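Written below as structure tokens is the structure these notes are about.
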Amino acid sequence: MKLRCTSFVLTLALLSSGCATAPVEDIQPGERPSQASDEAGRWMVTGEMEARLATSGRVIDDPALNEYLRDIVCRLAPEYCADIRLYIVRTPHFNASMAPNGFMQIWSGLLLRAQNESQLAYIVGHELAHYLERHSVQQWRTVRDTSSGLVFFQIATGAAGVGAAGDMAALIAVASIFAYSRDHEREADRVGLELMARAGYDPREASRIWEAMIEEEDAAGGSKRSIWLATHPGTAERAQTLTSLAAERSVDGNGFRGRTEYVAAIRPFRADFLRDEVRSGSFATSAVVIDNLIEAGDNPAEAHFFKGELYRLRGKESDQAEAIKHYRLAVQSGPAPSEIHRALGLVYWRTGEVKQARASFAEYLRLVPDASDRLMIQSYLDQLE
Ligand SMILES: [Zn+2]
């Protein structure tokens with residue numbers, strides 16, 4: 001997936017999409033490039049990036065979640081299962097990538113946005129297609145003999161050497177060198193859809209993840225929050241192509257969507273992902289993401305709480321009332337997170353409603369007697385006396 005690319009890499013991708021590429025055979029299960037080949041060089045550079053990401057502190061190593069995603073990889077491409085290493089990276093942006101050596105990344109912002117297992121399977125299938133069809137080496141051979149090729153190599157080796165690969169700039173640098181051409185993107189969509197359908201998933205779900213992204217793009221307007229949203233105009237076209245490809249497969253409605261399974265797998269992490277999302281500083285798109293979760297109806301108390309948090313953190317004049325509205329909806333919708341009372345206390349304090357602020361902070365300390373911020377909240381209560 002060409003999801004995060006620098007303008008340089010985008011230019012490169014546009015240039016290369018117009019060039020003829022020498023035919024490259026699909027990779028075979030267990031195959032490794034021969035030592036002397038240019039492909040081995042690409043594997044070495046990306047292997048180094050992989051090692052840095054693995055120790056960056058950003059990888060979610062929860063066994064159950066990893067097993068869940070791995071299982072999807074193995075169901076889509078059983079014979080390549082052992083060749084793919086999948087990393088779940090905690091960062092609040094929609095992204096997935098595939099390196100030539102079988103190092104696949106799925107970012108937590110994507111897991112928060114997918115609505116069911118079928119949608120995730122499409123993404124995984126798309127990334128697998130880049131690996132199976134050796135898009136990276138094709139891309140490399142197209143550019144290596146140009147002056148751009150040298151810069152490309154410098155970016156690759158530079159990114160491999162970036163600090164601990166833990167900061168956002170390093171993550172983006174690493175992800176951007178896995179940018180593929182438009183033709184490769186189309187091919188990966190076609191093959192990814194084929195893989196998911198063959199594994200029994202409902203291919204009509206593939207376009208739906210892009211429809212949600214279009215909603216986010218519309219909400220972001222011209223603010224260009226994400227490099228990908230700013231440089232990748234093809235989302236609508238992509239959604240349309242996937243819709244017609246799915247229609248050609250004449251699904252009779254028996255395809256597996258896996259909503260229950262997906263929701264259960266993500267549930268233990270959703271609050272963390274939502275916390276990252278509301279702190280990402282992109283109000284308009286985060287609001288779309290949370291509204292979709294509220295509409296989907298799973299754990300609405302949690303979703304409303306984070307909608308309230310989104311308003312509280314933006315902190316405009318009118319946001320205080322909206323925050324309180326969503327916190328109240330959260331309490332009405334079911335068991336809400338205890339921190340809701342701390343949040344309510346802060347908003348009431350800001351709006352000068354001292355009595356409610358005191359009551360909310362006291363309720364928070366009653367519900368979470370061993371809270372790590374107990375001393376701080378107690379000091380707020382003292383100030384409000
Ligand atoms: Zn792709």
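Fair warning: this is a prediction, and the values are worked out from it, not measured in the lab. Side chains included, hydrogens not; waters and symmetry mates left out as well; all remaining heavy atoms used.
- His93 and Trp107 have perpendicular rings, their planes meeting at more than 60° on a 0 to 90° scale where under 30° would count as parallel.
- Formation of a donor-acceptor pair under 3.5 Å by the Thr243 side chain with backbone atoms of Ala239 is found in this model.
- Counting non-hydrogen atoms of other residues, nucleotides and ligands closer than 6.0 Å to CZ of Arg279 gives a total of 12 or fewer.
- Judged by the 6.0 Å distance and 45° axis criteria, Arg314 is positioned over the aromatic ring of Phe283.
- With salt bridges taken as basic N to acidic carboxylate O contacts below 4.0 Å, one links Glu339 and Arg275.
- Between the side chain of Asp189 and the backbone N or O of Arg186 there is no donor-acceptor pair closer than 3.5 Å.
- Taking Trp349 as the reference, Tyr380 meet the ring-ring contact (aromatic ring centres under 6.0 Å, His included) condition, with sequence neighbours excluded.
- Taking CZ from Arg58 and OG from Ser108, the interatomic distance works out to 8.5 Å, rounded to the nearest 0.5 Å.
- With Glu31 contributing its side chain and Gln28 its backbone, the two residues share a donor-acceptor pair below 3.5 Å.
- In this structure, the separation between CD on Glu48 and CG on Leu53 is 13.5 Å, given to the nearest 0.5 Å.
- More than 12 heavy-atom neighbours from other residues, nucleotides or ligands sit within 6.0 angstrom of CE on Met376.
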Checking side chain to side chain donor-acceptor pair (under 3.5 Å) for the pair Glu50/Asn101: CA distance, chi angles, key distance, verdict?
-> CA-CA 9 Å; Glu50 180 179 352; Asn101 66 344; 3.2 Å; yes
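- For Ala212, the side-chain contact (heavy atoms from CB on, under 4.5 Å) test picks out Asn292, with sequence neighbours left out.
- Thr351 and Glu353 share a side-chain donor-acceptor pair at under 3.5 Å.
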Are Tyr201 and Arg75 close enough, and set up right, to give a side chain to side chain donor-acceptor pair (under 3.5 Å), and what steps lead you there?
-> CA-CA 10 Å; Tyr201 290 106; Arg75 226 179 303 164; 3.0 Å; yes
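- A donor-acceptor contact closer than 3.5 angstrom is absent between the side chains of Glu187 and His130.
- Looking at Glu205 and Arg208, a side-chain N of the basic residue comes within less than 4.0 Å of a carboxylate O on the acidic one, giving a salt bridge.
- Proximity of a side-chain donor or acceptor of Tyr311 to a complementary backbone N or O of Ile324 within less than 3.5 Å is not detected.
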In sequence, state the C-alpha distance, the side-chain angles, and the governing distance for Lys307 and Asp291, and then conclude on salt bridge (Lys or Arg N to Asp or Glu O under 4.0 Å).
-> CA-CA 8 Å; Lys307 187 77 189 286; Asp291 285 346; 2.8 Å; yes
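- Heavy atoms of other residues, nucleotides or ligands lying less than 6.0 angstrom from CD of Glu79 number more than 12.
- Every residue two or more places apart in sequence or in another chain was checked for a ring-ring contact (aromatic ring centres under 6.0 Å, His included) with Tyr131, and none qualifies.
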Glu127 and Ser97: CA distance, side-chain angles, deciding distance, side chain to side chain donor-acceptor pair (under 3.5 Å) verdict | CA-CA 6 Å; Glu127 298 307 334; Ser97 67; 5.9 Å; no
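- Annotation: Phe103 is in aromatic contact with Tyr87 [ring centroid separation under 6.0 Å].
- Under the salt bridge (charged side-chain N to carboxylate O under 4.0 Å, His left out) criterion, the residue pairs touching residues 367-385 are Arg342-Asp373, with sequence neighbours excluded.
- Scanning all heavy atoms of the two residues, the minimum distance from Gly315 to Arg350 falls at CA-NH1, 3.9 Å.
- Using a cutoff of 4.0 Å between basic side-chain nitrogens and carboxylate oxygens, Arg270 and Glu277 are not scored as salt-bridged.
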Show your reasoning for whether side-chain contact (heavy atoms from CB on, under 4.5 Å) applies to Glu185 and His126.
-> CA-CA 8 Å; Glu185 285 302 314; His126 173 107; 3.1 Å; yes
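- From Arg366, atom CZ reaches atom OG of Ser338 across 9.5 Å, with rounding to the nearest 0.5 Å.
- For the pair Asp83 (side chain) and Pro29 (backbone), a donor-acceptor distance under 3.5 Å is absent.
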Derivation and outcome, side-chain contact (heavy atoms from CB on, under 4.5 Å), residues Trp210 and Met213 = CA-CA 5 Å; Trp210 293 116; Met213 289 308 292; 4.0 Å; yes
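- When atom types are taken as modelled, the side chain of Asn66 and the backbone of Asp62 share a donor-acceptor pair closer than 3.5 angstrom.
- Here the OG1-CG distance, from Thr260 to Asp298, works out to 9.5 Å after rounding to the nearest 0.5 Å.
- Between atom CZ of residue Arg238 and atom CD1 of residue Ile209 there is a gap of 10.5 Å, rounded to the nearest 0.5 Å.
- Using a 4.5 Å heavy-atom cutoff, the side chains of Leu193 and Leu242 are in contact.
- Under the side-chain hydrogen bond (donor to acceptor under 3.5 Å, both in side chains) criterion, Arg32 pairs with no residue at all, not counting sequence neighbours.
- Contact of the Ile290 side chain with the Val278 side chain is registered, since non-hydrogen atoms from C-beta on lie closer than 4.5 Å.
- Residue Tyr327 is tested with His304, Glu309, Gln332 for a side-chain hydrogen bond (donor to acceptor under 3.5 Å, both in side chains); the sole match is Glu309.
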Would Leu128 and Val124 satisfy side-chain contact (heavy atoms from CB on, under 4.5 Å), going step by step from the backbone distance to the final call?
-> CA-CA 6 Å; Leu128 281 169; Val124 170; 4.0 Å; yes
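- The aromatic rings of Phe273 and Phe269 lie parallel to each other, with less than 30° between the two planes, well short of the 60° mark.
- Tyr68 and Glu117 are linked by a side-chain donor-acceptor pair at a separation below 3.5 angstrom, with hydrogens and angles left out of the test.
- Within the model, atoms CZ of Arg204 and OG of Ser118 stand 9.5 Å from one another, a figure rounded to the nearest 0.5 Å.
- Arg358 contributes a side-chain N or O that, together with a main-chain N or O of Leu384, makes up a donor-acceptor pair within less than 3.5 Å.
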For the pair Leu65 and Ile266, evaluate side-chain contact (heavy atoms from CB on, under 4.5 Å) and give the outcome as yes or no after the intermediate values.
-> CA-CA 8 Å; Leu65 188 63; Ile266 302 303; 4.0 Å; yes
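- Salt bridge Arg134/Asp26: absent, no basic N to carboxylate O contact under 4.0 Å.
- Residue pairs that meet the disulfide bond (SG atoms under 2.5 Å apart) test with at least one member in residues 41-79, sequence neighbours left out, are Cys74-Cys81.
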Test salt bridge (Lys or Arg N to Asp or Glu O under 4.0 Å) on Asp276 and Arg90 and set out the steps.
-> CA-CA 9 Å; Asp276 295 345; Arg90 186 163 168 186; 2.7 Å; yes
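- Side-chain atoms of Ser207 and Gln240 form no donor-acceptor pair, as typed in the model, at a separation below 3.5 Å.
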